[in-house]
> 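A single structure is presented below for examination.
Keep in mind the model is a prediction, meaning the values are calculated, not measured.
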Amino acid sequence: MTAPVLEAKGLYRTYGARKALNNVSITVQPGEMVALIGPSGSGKSTLLRNATGLITTDEGTGEVNLLGISVQKNGKLSDSVRQARARVGFVFQQFNLVGRLSLFQNVMLGSLGRLPFVKGFLGQWPQADQERAMQALARVGVADYAAQRANTLSGGQQQRGAIARALVQGAEAIFLDEPVASLDPVSARKVMELLRDLNQRDGVTVIVTLHQIDYATKFCDRIVALKAGQIVYDGPKDGLTRERLIEIYGAEFDEETGDAAPKEEPVPEITKPGHQNALEKLVQWGLALAMVIGGSYALWQQAKPKVEADINFSILATENSQNLGARWKPFLADMEKQTGLKIKPYFQTGYAPLVTAMQFGQTQVGWFSNKPGWEVASTGKAEVFLRSSDPSGVDGYNSVVIVNKNSTLTIDELLRCDRTKDFGMGDASSTSGTLAPMTYLFAPRNINPSNCFKTVRSANHEANVQSVAAGLLDAATNNSTSLQILGVQDPRLIGKVKVIWTSPTLPEDPIMWRKDLDPVKKKKIKDFFLNYGRQGDKAQQDRERAILASLSFGLFQPANNDHLLPVRQMQATEDLMQAQQSGDVGKITKAKEAFDAIQAEAEAAKSRALPLLPTTPTEGYAVEGKAVKK
């Protein structure tokens, strides 16, 4: 039988003459999302801190277990408290991020519990942990700020970073103490939506203290209310009637808003230590100095490009990584053989880790979609040198919206926005999964998906197809190329979905490299891509074209950063629509200027378009005019 996430019995905690907790007992099962509510001083934060062993109960009272592991008993911490804490995360109202460290480095601190002391102290993070950190940042929607110092971020961004740190820790449950009290309403709502999504989609148990009753009843199915140190209500949110809330909050209850006065609960007093001798002070100063040196070394370590091959080649994993690795293996093997370079693939399910890896030199060449491609190019660190093409000969692909094949849902019915549908979108940086639907489907209709659907979940294309096929989502975005690939791999799966909306044609994907890549390596890589499927005799061309087709690629074509202009135009169009909908004259003027500038740039680019290379078989053709035979 699975142990409860939290099992607390008979908790008492006294501050002077006040009983912050008075014989409190509570059990939380795995997968629950529980809100702790109550007036100021009711004991919410004290209960949360007792539950995680941050403070202890009165001597001789109480017992707390996390995930079946003892945290404290009779007012004393158990020897196993560290083992228990390693499996849960705690997020404070004030974020507790190290301001001088980057958001990425703050999140990496969540992995310290798994590392030997010396490695953790020196910031020698394993590659797997670094990838886990980037995935966590992408999961909470702040991967774009990974390299930014924490103290330069907004409150909402910092709070998401704190949640990502708990995910990197591998937390099976997250305890949050007033996580939205210091945030503006929009940021607060987004954090609560994220917590609900982590609970529903990832199965993370969430226990959160809240002053905002409307957030508690909107996002949490179970409500536990405290008053004067005792639990006065523990049940479903539907049981929180107006009368019961007035009984709980008294004069603090605001009948108009259904909220309670957001007064911060007093922090438990900490007994001041006695006289410190010189040795204790010396030890403290020594530890502080060591942390400064260790932190500086960690910064240096993270800044260094970690190159384990001649070329680290980034690839978006739009499907199961094991399947993807098998499909890419022949192409990568040919790349190594024909260039003489050691090629190491870097598969990631989210765009943000790929963008960051290219930006900081951890990868040198990569396959991107257009929106993240522009994000990389805009850093000034990388540029487009090729683009893909479709094996069918049709130049471009489409964003689509899919539903279950047995669904009668139409696109018009989907966009009624009655908040009854579960909708899936792509990564925030996905061209076909997010930008194109926003530009061509939602923005023209003045629709914000977050306000239109019951839930909006972000996932890769394969996950969205599986969710729609299984009936877990009513509809989801995808693209024609992804459906084509999955149709070959799993025809039964694709047979369970159908398309109800198709976007205008989108440009093919760019292939990019770091600007500072060795020119000799650049030439080898570029020649390989442009020759592949064009070189040698017919047998070699047929073999190479078949490998490309298995990746849903046709022959590669020369390109430069002008290739990214269409996606920039899409982004500018969306930005202008949103500005016009806001009615803010300043925003409209700024968005219109940006839109006109990109339109002019796109018009000028027409005169410098690169010529296309042959796409039909040519005996012995090679870019340098010399056939390559095998």
Side-chain angles (χ1 to χ4, degrees), residues 31-35 139-141 156 160 180 183-204 206 208 210 212-223 236-242 256-259 399-404 406-428 430 433-459 463-464 467-478 497-501 574 577-578 581-582:
E32 287 194 274
M33 184 162 178
V34 182
R139 180 70 181 84
V140 303
R160 286 169 175 258
V180 299
L183 305 181
D184 63 85
V186 174
S187 297
R189 176 179 56 80
K190 288 181 178 179
V191 167
M192 290 305 301
E193 288 174 345
L194 169 63
L195 292 174
R196 181 176 61 184
D197 193 49
L198 289 171
N199 173 254
Q200 294 180 349
R201 179 175 162 192
D202 300 352
V204 177
V206 175
V208 55
L210 292 168
Q212 298 91 336
I213 300 169
D214 55 339
Y215 284 161
T217 56
K218 180 178 181 179
F219 295 104
C220 302
D221 294 323
R222 177 183 172 189
I223 309 294
K237 58 185 178 183
D238 295 338
L240 275 183
T241 62
R242 174 178 174 275
E256 182 178 351
T257 63
D259 203 355
S399 170
V400 299
V401 173
I402 57 173
V403 298
N404 189 283
N406 296 320
S407 173
T408 60
L409 193 64
T410 66
I411 194 65
D412 290 333
E413 291 170 341
L414 179 68
L415 299 181
R416 285 177 182 171
C417 295
D418 54 9
R419 298 184 67 87
T420 63
K421 305 294 189 298
D422 294 311
F423 190 70
M425 295 189 76
D427 183 289
S430 171
T434 301
L435 179 59
M438 289 299 299
T439 303
Y440 297 120
L441 184 61
F442 296 117
R445 294 169 174 81
N446 196 24
I447 291 175
N448 181 339
S450 297
N451 299 327
C452 183
F453 303 110
K454 180 181 178 182
T455 61
V456 178
R457 304 181 184 183
S458 296
N464 277 335
S467 294
V468 170
L472 301 177
L473 291 174
D474 294 291
T477 61
N478 218 283
V497 301
K498 62 183 180 182
V499 174
I500 62 170
W501 175 82
E574 181 188 347
M577 288 178 179
Q578 290 180 347
Q581 291 162 7
S582 73

> Could you pull out the closest heavy-atom pair between Ile447 and Cys452, with the gap in Å?
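Closest approach of Ile447 to Cys452, heavy atoms only: CG2-CB, 3.8 Å.
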
> What distance separates Arg457 CZ from Arg196 CZ, expressed to the nearest 0.5 Å?
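That separation rounds to 9.5 Å.
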
> Once rounded to the nearest 0.5 Å, what's the spacing between atom NZ of Lys498 and atom CG of Leu409?
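The NZ atom of Lys498 sits 8.5 Å away from the CG atom of Leu409.
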
> Give me the ring orientation class for Phe453 and Phe442: parallel if the planes are under 30° apart, tilted from 30 to 60°, perpendicular past 60°.
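Geometry flag for Phe442 against Phe453: perpendicular rings.
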
> Which pair of non-hydrogen atoms, one from Gly426 and one from Asn464, has the smallest distance, and what is that distance?
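That closest heavy-atom pairing would be N-ND2, 4.3 Å.
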
> With distance as the sole test, does Thr439 use its side chain to make a donor-acceptor pair with the main-chain N or O of Glu574 at under 3.5 Å?
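Pair absent, no side-chain N/O of Thr439 close to backbone of Glu574.
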
> Looking at Cys220 and Val208, what are the two nearest heavy atoms and their distance?
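For Cys220 versus Val208, the nearest heavy atoms are SG-CG1, 4.1 Å.
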
> Less than 4.5 Å apart, any side-chain heavy atom of Arg201 and any of Thr455?
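Not touching, per the 4.5 Å side-chain cut-off.
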
> With the side chain counted from C-beta on, respond yes when Met577 and Pro444 share a heavy-atom pair under 4.5 Å apart, and no when they do not.
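Counting from C-beta outward, Met577 and Pro444 do come under 4.5 Å.
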
> Not counting sequence neighbours, which residues clear salt bridge (Lys or Arg N to Asp or Glu O under 4.0 Å) with Lys421? List them please.
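Salt bridge (Lys or Arg N to Asp or Glu O under 4.0 Å) check on Lys421 returns Asp418.
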
> So how far is it from Ile411 CD1 to Arg445 CZ, rounded to the nearest 0.5 Å?
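CZ of Arg445 is found 7.0 Å from CD1 of Ile411.
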
> Using side-chain heavy atoms (C-beta onward) and a distance below 4.5 Å, is Phe219 in contact with Leu195?
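Not in contact.
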
> Looking at side-chain heavy atoms only, is the closest gap between Asn478 and Val499 below 4.5 Å?
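Contact flag for Asn478/Val499 side chains = no.
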
> For residues Met33 and Gln200, determine if any side-chain heavy atom of one lies less than 4.5 Å from a side-chain heavy atom of the other.
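Heavy-atom side-chain distance check fails, nothing below 4.5 Å.
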
> Is the backbone N or O of Ser450 less than 3.5 Å from a side-chain atom of Arg419, with the two atoms forming a donor-acceptor pair by type?
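It does hold such a pair.
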
> Apply the test side-chain contact (heavy atoms from CB on, under 4.5 Å) to residues Leu210 and Val180: give CA-CA distance (whole Å), side-chain angles for both, the deciding distance (0.1 Å), then the verdict.
CA-CA 8 Å; Leu210 292 168; Val180 299; 3.9 Å; yes

> Over all heavy atoms of both residues, which pair between Met438 and Pro449 is shortest? Give the atoms and the distance, please.
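The answer is SD-CG, 3.7 Å.
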
> Testing Asn404, Leu472, Val497 for side chain to side chain contact (heavy atoms under 4.5 Å, CB included) with Ser467, which one passes?
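Going through Asn404, Leu472, Val497 one by one, the side chain to side chain contact (heavy atoms under 4.5 Å, CB included) with Ser467 is satisfied by Leu472 alone.
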
> Just by modelled atom types, is the Phe423 backbone N or O under 3.5 Å from a matching donor or acceptor in the Asp474 side chain?
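It does not hold such a pair.
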
> Using every non-hydrogen atom in the two residues, find where Tyr215 and Arg189 come nearest and quote the distance to one decimal.
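Closest approach of Tyr215 to Arg189: OH-N, 3.8 Å.
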
> Is any side-chain heavy atom of Leu415 less than 4.5 Å from a side-chain heavy atom of Leu441?
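In short, these two side chains touch, coming nearer than 4.5 Å.
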
> Counting N and O atoms only, with roles assigned by atom type, does the side chain of Asn199 sit under 3.5 Å from a partner on the main chain of Val204, one being a donor and the other an acceptor?
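Yes; judged by distance alone, with no hydrogens or angles, the pair exists.
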
> Given side chains that start at C-beta, do those of Trp501 and Ser399 come closer than 4.5 Å, heavy atoms only?
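Side chain of Trp501 against side chain of Ser399, heavy atoms only: contact under 4.5 Å found.
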
> Does any non-hydrogen side-chain atom of Asp422 lie less than 4.5 Å from one of Lys454?
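SC-SC contact between Lys454 and Asp422 confirmed.
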
